[in-house]
Amino acid sequence: MKQEIATVVEHHNFQGEYRILRLAAPEIGPVVKPGQFLHLLIPQLGDRVLRRPFSIYKADTEGVSILYKPVGRGTDSMRPLHVGDTVDIIGPLGNGYPELTEGKFPVLVAGGYGNAALYLKAKELPAKGVAFFGGRTAEDILCVDEFKELGWEVRPTTNDGSLGIKGLVTTDFDPWMAEQDIQSLELFVCGPGPMLKAMGERAIEHDFTAWLSMDENMACGVGACLTCVIKRKITDGWEWARCCTDGPVFESREILWNE
Amino acid sequence: MKQEIATVVEHHNFQGEYRILRLAAPEIGPVVKPGQFLHLLIPQLGDRVLRRPFSIYKADTEGVSILYKPVGRGTDSMRPLHVGDTVDIIGPLGNGYPELTEGKFPVLVAGGYGNAALYLKAKELPAKGVAFFGGRTAEDILCVDEFKELGWEVRPTTNDGSLGIKGLVTTDFDPWMAEQDIQSLELFVCGPGPMLKAMGERAIEHDFTAWLSMDENMACGVGACLTCVIKRKITDGWEWARCCTDGPVFESREILWNE
Amino acid sequence: MSKPNLEVKIGSMVMKNPVTVASGTFGYGPEYADLVDLNRLGAITVKGICPDETIGNPTPRTFETRGGMLNAIGLPGPGAQGFIDKYIPFLSQYDVPVIVNIWGKSMEDYGTVVEMLDAEDTVSAYEINLSCPNVKEAGSAFGTDTDSFSRVIELVRGKTKKPIIPKLAPNVSDIGAFAKAAEEAGADAISIMNSYPAMAINIETLKPELANRTGGLSGPPIKPIAIKLVWDAFKATTLPIIGMGGIYEPEDAIEFMIAGATSVAVGTANFTDPSTVDRVIAGIEHYLVEKEHRSAFDIVGTVKT
Amino acid sequence: MSKPNLEVKIGSMVMKNPVTVASGTFGYGPEYADLVDLNRLGAITVKGICPDETIGNPTPRTFETRGGMLNAIGLPGPGAQGFIDKYIPFLSQYDVPVIVNIWGKSMEDYGTVVEMLDAEDTVSAYEINLSCPNVKEAGSAFGTDTDSFSRVIELVRGKTKKPIIPKLAPNVSDIGAFAKAAEEAGADAISIMNSYPAMAINIETLKPELANRTGGLSGPPIKPIAIKLVWDAFKATTLPIIGMGGIYEPEDAIEFMIAGATSVAVGTANFTDPSTVDRVIAGIEHYLVEKEHRSAFDIVGTVKT
Ligand SMILES: Cc1cc2nc3c(=O)[nH]c(=O)nc-3n(C[C@H](O)[C@H](O)[C@H](O)COP(=O)(O)OP(=O)(O)OC[C@H]3O[C@@H](n4cnc5c(N)ncnc54)[C@H](O)[C@@H]3O)c2cc1C
Ligand SMILES: Cc1cc2nc3c(=O)[nH]c(=O)nc-3n(C[C@H](O)[C@H](O)[C@H](O)COP(=O)(O)OP(=O)(O)OC[C@H]3O[C@@H](n4cnc5c(N)ncnc54)[C@H](O)[C@@H]3O)c2cc1C
Ligand SMILES: Cc1cc2nc3c(=O)[nH]c(=O)nc-3n(C[C@H](O)[C@H](O)[C@H](O)COP(=O)(O)O)c2cc1C
Ligand SMILES: Cc1cc2nc3c(=O)[nH]c(=O)nc-3n(C[C@H](O)[C@H](O)[C@H](O)COP(=O)(O)O)c2cc1C
Ligand code: FES
Ligand code: FES
């Protein structure tokens, strides 16, 4: 974990409303593991003081890239960042996804910026599997070609049917799953809460492994403030686990979902 | 007095560190009187909430110009304003300078952005007189040619002697004054506190008229908050007068200087 | 859908919408009349008035802080008679209730100022300042001790039939106790909050940034404090509450109402943007339409806890 | 000129410079160890510890406000024994005093937690949390009433010879009374201020933004309030003061010291920029050099009023 003043080297529209921000970060770039994230201090955020976490989409010896969608105060304020501006980042943060278990068949499930979060994992995985991507419209299904290039079978679903099957990710996943050697599946999931929960439930019901990247609001990002906690099951009940340091990736069985 | 969302039509270096900001303000521009000011809400001022007052340098039917020097949080944050950006201004504010008294000889005394504040007055005055401009260095003596073009005799003084006489405005003014029909002088002054006070003292001692534009911190700018008050003499003592609405221009005899 | 009813009542005073201005941030009315349509306001609240003319504090009187400002104006003013002479003719032109913020150097003063003003029809209600951080008498002396707090209210109650609205000090551990005390002493409403006692020091001169040394913090920084105080008071009393503290956007005003405020006051925001009151009124109306409420009162105290 | 002496003392605890971190904003030490050189700190102040393991409040626990944040973490923690097992080995590697922030659900708890911790050499001092806005017991119950406030301090005093530092509640009318009470009860220093009781409500859901409903406001918005509280306390007591509330820049820390703080703590700013502590230490040193002071202590309480 390092704090680095990173220079913007690329910043433009990526797809639909999504934008890509590429930062020169020679200290953080080389040490990123798939599923980790950055904590970014947005310049010109007016009177707001907290950083915002972003999954690392790409990383190499020179820097990192993230994909984001302007949806609120922070992400809106990132728009005016120009090439050459500097951004204060802390990273890489979080545990990231574990290695694929021997003999398991990898499945990626993602929604929205979750696609970005899984790209490095897709690249690293030795065996190529199937990627289920869900979104509201075709615009929310990111990086399809990139995943295909890596050798993955990409199966998009959209709420409006503008790309792939019409429905939720589960609309496509459930029948597919039924035809697999279910217990050999190992899922790597990153997406909105309901998607995480749906996949987690299936993992438990059908007895496969699902690594879920949890999306919780953060303050410190380094484990100090205890903002980002979720309930993790332990033998006699539950304990709090911090998404920023104990996660963001948890196996479905670890999580006690809030009612 | 109007509130107007004005578009930046010009913004660049003017002289030394001074910058000129020209705003399209068709409502405010046409009604400006010399010595009045604008109250400007600086965009991108981060977490600061108060406006900043600026003397109106030029005004016409289409808009207004101000001259400023980045010296603090507010003025520094004005640098990135681009042509096409909008700025929220309230104006024109304050009483401005009165008409020249019949038969009096007009003298302008200014320092720093005070030169800007006097330009409209210089332009309006029927009789052309003498203008004493003081500053730290040549860079602080603004608009000399413009005043000359209007027919004024311009006499600069600088602390370092880089333009005109070396010294304070008074170094040049005092001997000059001694040779005039002193009581026929009518001074219009805009500059830093000590300059205002020096001229005010001379006006009282030598019995001439001096209109001083007072420089006080402001919050509302419209007379509501009672931030910008100075002591104004009245028959039995003094009362508070608001620089924003009762001023900023006061005659030297009105002012009770703080010890 | 028909337009929602924005009208609210503070005791017998009817406000055409819930929005007034915070005392001391809007002068006596004329100052903002060029920029704000005074008839559009729910009420005009004027700067603090005491029986006699007062000069207030030395300068500097305000200081900009991160996100807000400090003030130690110190309640200068024309006195009750001066107010009547200088401002009543102006204010009486408008079709909008006038809330006069009153204060005193002694307990008796609070009675005297009401006696002097009460015959004026233009004066619709009194906001009793018991919480000025900058004038010992009007602040700590009466505002942070429930006994003298109640006695001032009872005294004023005895002098007028118009609505009386004590303005509570924020720097107390239990605002509910003051809300209850106000109710028992005969108040018609309460207003919350005054600026918060605060200070800034110049590290070059070592001098406080305000001549009065300390002042009151106002603006966006105090909003979350004010929201809690309003909610706490709402639970403790049935009196209507005028909520204020850092209202800059319609959403802020709506938040105050959901926390329990029947009416809201825009203060420091007037300095930043005089169109705030207008935006806030429009924003409240828009919210009521969107949420399909019939009346502004429908959202008061609706926080789900 | 020779380097100024940055050392300050809080009771018998020597800090190599005046800068520590605010409890709850720096975890227990390891969390920021990659980003901050812990040996550079004047002291490490850890998150609140009570005798038993505790779970704290439900989520959401924090919320970003204009200029600052609200928190209602609710003091989750490993308990005294858990703290010893999990963090003492780590903390003992560093050459920096450790201040353990303690709290209790009952008055007795405050004694118990000290009994459990006191044998640990790594524990240098106790900050007694009597002002948590989010846990009834550790907050309003003890922090806003001078009697129980004093009793907790006396109880802790009886259990340890190490410096004890009560952390005062900001939401009181007279902080001086608490400062004096702390002194009389045997405290070695006081710390000011905890986050300020506050609230935010989501106007779409009508629900409070924090699961705990209310929380504590921290960050730049509260600095002017904290500066005044420190100054007020400084006038009332001779105890050293650890000042905090919105310190983001060296100038903020220096302002606290001029107001009367011997030591300062960086809180919310750690989240924004973990290099703040480092910048603040360097900035204090730079200021002392520039103003030709020999020691950090020279500027404490030098405000000219
Ligand atoms: C581990 C992690 C990885 C992330 N990766 C990405 C990424 O790669 N690309 C991307 O665009 N965004 C990502 N996010 C979300 C991102 O951090 C921002 O929170 C989000 O973009 C909204 O921030 P904002 O400041 O624009 O909006 P705000 O104005 O802060 O918030 C807008 C709304 O979203 C809510 N919100 C904010 N943050 C969260 C959150 N984390 N979870 C749930 N609700 C929230 C707010 O409460 C508010 O209602 C990630 C979040 C986490 C925790
Ligand atoms: C009537 C009037 C007309 C003005 N006209 C101009 C103009 O034409 N061009 C121009 O550049 N500036 C002008 N100013 C000053 C301007 O409003 C700003 O205050 C100044 O430029 C510094 O603001 P800042 O935000 O950059 O600095 P800040 O960070 O706010 O302040 C820097 C320092 O200056 C002090 N300061 C701020 N404002 C004042 C003030 N008004 N008087 C004394 N000290 C102050 C602050 O206390 C601080 O110590 C005028 C001021 C007044 C009252
Ligand atoms: C410059 C200024 C002057 C004030 N004068 C008064 C006053 O005369 N009487 C009073 O009760 N409150 C006074 N206040 C407090 C405000 O009415 C209000 O309670 C406080 O500022 C909080 O609201 P805000 O954050 O919206 O400004 C004053 C506030 C400011 C900023
Ligand atoms: C997330 C968070 C957790 C906190 N936890 C504690 C705590 O456990 N014990 C305590 O005494 N204060 C706690 N505080 C209060 C801080 O120590 C500090 O008093 C307050 O935040 C003001 O300082 P700041 O504005 O620099 O953050 C916490 C503050 C925050 C923001
Ligand atoms: S965000 Fe602070 S502990 Fe996770
Ligand atoms: S600045 Fe408010 S009265 Fe002049």
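So that the names make sense, note that chain A is the first sequence line, chain B the second, and so on, each numbered from 1.
Residues B:W238 and C:I55 form a side-chain contact, since some pair of their non-hydrogen atoms from C-beta on lies under 4.5 Å apart. A 4.5 Å side-chain heavy-atom check between C:N71 and B:C225 finds every atom pair outside the cut-off. You'll find the side chain of C:E64 reaches within 4.5 Å of the side chain of B:R52, heavy atoms only. In this structure, the side chains of B:H39 and C:F271 stay at 4.5 Å or more apart for every pair of heavy atoms. Put simply, the side chain of C:M69 reaches to within 4.5 Å of the side chain of B:L50, judged on heavy atoms. Residues C:E31 and B:T245 have side chains not in contact (no heavy-atom distance under 4.5 Å, counting atoms from C-beta outward).
For the side chain to side chain contact (heavy atoms under 4.5 Å, CB included) with C:D273, the lone residue among B:I90, B:D88, B:V49 that qualifies is B:D88.
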- Query: side chain to side chain contact (heavy atoms under 4.5 Å, CB included) between C:T62 and B:M218: does it pass, once the steps are laid out?
  - Reply: CA-CA 8 Å; C:T62 59; B:M218 294 184 179; over 6 Å; no
- Taking it one step at a time, do C:D34 and B:K2 satisfy side chain to side chain contact (heavy atoms under 4.5 Å, CB included)? CA-CA 7 Å; C:D34 279 3; B:K2 293 190 168 68; over 6 Å; no
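Applying the 6.0 Å contact sphere to CG of C:D95 captures no more than 12 heavy atoms from other residues, nucleotides or ligands. Around atom NZ of B:K233, more than 12 heavy atoms belonging to other residues, nucleotides or ligands sit under 6.0 Å away. For C:K207, the NZ atom is loosely surrounded, since the number of other residues' heavy atoms within 6.0 Å does not exceed 12. The local environment of CZ in B:R253 is crowded, with over 12 non-hydrogen atoms from other residues, nucleotides or ligands closer than 6.0 Å. By the 6.0 Å contact criterion, CD on B:E99 is open, its count of non-hydrogen atoms from other residues, nucleotides or ligands being 12 or less. Crowding of B:K231 atom NZ: a count of heavy atoms from other residues, nucleotides or ligands under 6.0 Å exceeding 12.
Comparing C:Y248, C:Y32, C:F26 by heavy-atom pairs within less than 4.5 Å of chain B, the highest count is held by C:Y32. Per-residue counts of heavy-atom pairs under 4.5 Å with chain B were compared for C:G29, C:G56, C:S275; the largest is that of C:S275. The candidate with the highest count of non-hydrogen atom pairs below 4.5 Å against chain B, out of C:T25, C:T59, C:N270, is C:T59.
Under the 3.5 Å distance criterion, the side-chain polar atoms of B:Q3 are left unmatched by any main-chain donor or acceptor of C:L35. A donor-acceptor pair under 3.5 Å links the side-chain atoms of B:R51 to the main chain of C:T272, judged by distance alone. In this structure, C:R66 contributes its side chain and B:D47 its backbone to no donor-acceptor pair below 3.5 Å.
Of the atoms belonging to C:P60, not a single heavy atom falls under 4.5 Å from chain B. Neither the backbone nor the side chain of C:F63 comes within less than 4.5 Å of any heavy atom in chain B. With a 4.5 angstrom heavy-atom cutoff, C:P58 touches chain B only via backbone atoms.
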Can you list, pair by pair, the side-chain donor-acceptor contacts under 3.5 Å of residues 217-230 of chain C, counting residues two or more places apart and other chains?
unit_1 : atom_1 : unit_2 : atom_2 : d
C:S218 : OG     : C:T268 : OG1    : 2.7
C:K223 : NZ     : C:D252 : OD1    : 2.7
C:K223 : NZ     : C:E255 : OE1    : 2.8
C:K228 : NZ     : C:D232 : OD2    : 2.8

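The OG1 atom of C:T54 sits 12.0 Å away from the CH2 atom of B:W240 when rounded to the nearest 0.5 Å.
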